[in-house]
Protein chains: 2
Amino acid sequence: MKRVTIGDVAAHAGVSTATVSRVINGGVVAETTATRVWDAISSLDYSPNALTKSIFAGRSNTIGVVIRDLSSPFYLDLIRGIDEVAAANNSLVMLANTFRRDDREAAQVRAMDEQRVRGLIVTTGAAADSPTRRMADNGTPCVIVSRVVDGMHSISLDNVRAGELMAAHLAACGRTSVGVVSASRRPSQTERVQGLGVPESAVTVAEAPEDAPAAVDALLATGPLDAVVCTSGRLTAAVYSALTARGVSVPDDVAFLAVDEFPWAETLGVTVIAQPTYDMGKKAAELVIESPAEPVSLVFEPTLIVRRSCGEVSG
Amino acid sequence: MKRVTIGDVAAHAGVSTATVSRVINGGVVAETTATRVWDAISSLDYSPNALTKSIFAGRSNTIGVVIRDLSSPFYLDLIRGIDEVAAANNSLVMLANTFRRDDREAAQVRAMDEQRVRGLIVTTGAAADSPTRRMADNGTPCVIVSRVVDGMHSISLDNVRAGELMAAHLAACGRTSVGVVSASRRPSQTERVQGLGVPESAVTVAEAPEDAPAAVDALLATGPLDAVVCTSGRLTAAVYSALTARGVSVPDDVAFLAVDEFPWAETLGVTVIAQPTYDMGKKAAELVIESPAEPVSLVFEPTLIVRRSCGEVSG
DNA sequence: TTGAAAGCGCTAACAT
DNA sequence: ATGTTAGCGCTTTCAA
């Protein structure tokens, strides 16, 4: 199953490989020669080897994307945005999932480097660490998503502001004692809590959706609550379910407020803080393409989408 | 920003490039030489160029995945499955979205071919057409997902069976007049309708979620209904919302049944037909890795997950 | 306008 | 056990 090479095309058209190369990449060639070459190309069904091309360019035309948890819908939109920009630059996306494991992240980033991706987008985790940093030092534009890292490009949400938006809305709805379920002690989560301005004792951490019921129980045990905030989209369904399963009525007993928009939010009437994930993906990819010399740190604005789950705004 | 090459490492270690290559790929080398080479590798921070390696192998170590609509959660799990197998074979995933456009699909498939992917997984669409077929003919293992195509590997759901499962459950719940919202006239959709055994007049097509309200109206106008089935996961939220927005009570007025499991189904009590998408992704990738000589067509079994949306099973 | 030839970074015989 | 020498498929001078 030998592949057709540029040499085969050249032979078939009776020209040199250099000429074929020129025809394909738009060099100066005589009209008649060009047609002869194109004919050869289509009759042999020639498909140029992009890998070989990349050797010359020094790097491939691919954008590497390393995702920490591909089961989060947040990332779907991010990837769509990246892919959109990639396609517009006839680039392709090389994707890898790290299953929330730091060692896998390092391995995947290294793999991307070996593939000589033209740029890397990492949602992370520990990516600020050696492998990514080394890539950046070697001249590969690297963009960190969801985290701000010194000396690297980054795309993130204004998490403190997200927290403040939530706090303000809750206050406007007359809610005074709010409990929080967050997903971790990572900066993106803690910043949201900080913006909310609740005491540390009002925060419970649920690493995974399975931990949500216990987290909700813990929250409910701390005393009477009139609002529950979920700071991670991965947890929203689980937290909401745990709440209703315990006979808590939303919004009559407690208000419910979550971070990240999701398809059923409208139907369920869940008020959320939305991130412009698709745009964030596009920007991340554009950063890779443009590869600015100085580190660029883009912070996106969260939006409050008011629905029914926090009750009426009083006054 | 010149990259470190195998030659640099060789010079630094005082050996030939062949020896360095042997050290990396596990050939016969003296212990002492090996350590010297490894030292050089780490002190120069050498990262071997995978592209160049692939030139020799004839193809890259990457699995190409072309997705018709990356906004569908169905594909998220599929990709996770693929990535899992890829990672286990230290392969990477090259992803492209076609935004539901056939011309883009052809272009993306061609791009994958130029990247010399070791195999291709396409969810499609028109992929049965020339570009994919040509790749398969050139010896690249190609797997079609969600469709059975002559002479190619394929991964699909037993759609007729899915329809039958739904029909049986609906009957068991005493529902007799069912209306269907489907997403297209493609085989995967029509087979589900066929399994349901409803007359053509009971079926409405909504191409996109935006079309769901109109589709539901059309359905409701055909006469009294006691069940609504949605045969596409992309449409479930929109159809359900349109239903409830019209004051229709589920399951009291009509039963609601959808294809494809989704995160909120449990909370909402929506009965669904689930596809083993993660496993389907894994199998697709395994097919690529194994690359069987004869076309393999794997058909997966749908599962009925009973919840509240169809009411009580009578008898 | 075209071809010959060198070389991109690496591997794989073939020598030694 | 190691080095030499061809390539892999393509691009890019440099001549003609």
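Residue numbers begin at 1 in each chain, while the letters A, B, ... track the order of the sequences.
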Residues A:Asp69 and A:Arg101 bridged, charged N to O under 4.0 Å: no
- line: Here the salt bridge (Lys or Arg N to Asp or Glu O under 4.0 Å) pairs for residues 45-66 of chain A, sequence neighbours left out, are A:Asp45-B:Arg134
query: Regarding B:Arg116 and A:Ser47, is there a side-chain donor-to-acceptor distance under 3.5 Å anywhere?
result: yes
statement: Within residues 49-62 of chain B, the residues having a heavy atom closer than 4.0 Å to DNA chain D are B:Ile55, B:Phe56
- request: Using five pairs at either end of the helix from C:dT1-D:dA16 to C:dT16-D:dA1, determine the angle between the two local helix axes and round it to 10 degrees.
  value: 40°
task: Compute whether any side-chain donor of one residue and acceptor of the other, for A:Asn138 and A:Thr140, lie under 3.5 angstrom apart.
output: no
message: For A:Asp113, give me all partners under salt bridge (charged side-chain N to carboxylate O under 4.0 Å, His left out), at least two apart in sequence or on another chain.
response: B:Arg3
message: By nearest heavy atom, map A:Thr32 and A:Arg116 onto DNA chain C; which one lands nearer the 5' end?
response: A:Thr32
field: Taking every non-hydrogen atom, the tightest pair across A:Lys282 and A:Gly81
entry: CG-O, 3.5 Å
field: Residue pairs, two or more places apart or on separate chains, that pass side chain to side chain donor-acceptor pair (under 3.5 Å) and touch residues 283-292 of chain A
entry: A:Lys283-A:Glu286
query: Side chain of A:His153, backbone of A:Cys142: donor and acceptor closer than 3.5 Å?
result: no
message: Regarding A:Gln275 and A:Asp260, do their side chains bring together a donor and an acceptor under 3.5 Å, going by distance alone?
response: yes
message: The criterion is side-chain hydrogen bond (donor to acceptor under 3.5 Å, both in side chains); which residues satisfy it with B:Asp150, sequence neighbours excluded?
response: none
task: Extract, from 5' to 3' on DNA chain D, the first and final nucleotides lying under 4.0 angstrom from some heavy atom of chain B.
output: D:dA1 to D:dC8
message: Show the nearest heavy-atom pair for residues B:Ala183 and B:Gln189, with the distance to one decimal.
response: N-OE1, 2.8 Å
task: State, without any angle test, whether A:Ser297 and A:Ser154 hold a side-chain donor-acceptor pair at a distance under 3.5 Å.
output: yes
message: If you take any heavy atom closer than 4.0 Å to DNA chain D, which residues from residues 18-31 of chain B end up in contact?
response: B:Ala18, B:Thr19, B:Arg22, B:Val28, B:Val29, B:Ala30
Toward the 5' end of DNA chain D, by each residue's nearest nucleotide, B:Ala34 or A:Thr17: B:Ala34
- prompt: Along DNA chain C, 5' to 3', what are the outermost nucleotides having an atom less than 4.0 Å from a heavy atom of chain B?
  reply: C:dG9 to C:dA13
message: Does anything in residues 78-87 of chain B form a side chain to side chain donor-acceptor pair (under 3.5 Å)? List the pairs, not counting sequence neighbours.
response: B:Asp77-B:Arg80, B:Glu84-B:Tyr278
- request: For A:Asp8, enumerate each residue passing the side-chain hydrogen bond (donor to acceptor under 3.5 Å, both in side chains) test, keeping only those at least two apart in sequence or located in another chain.
  value: none
field: Contacts of A:Asp158 that satisfy salt bridge (charged side-chain N to carboxylate O under 4.0 Å, His left out) - sequence neighbours left out
entry: none
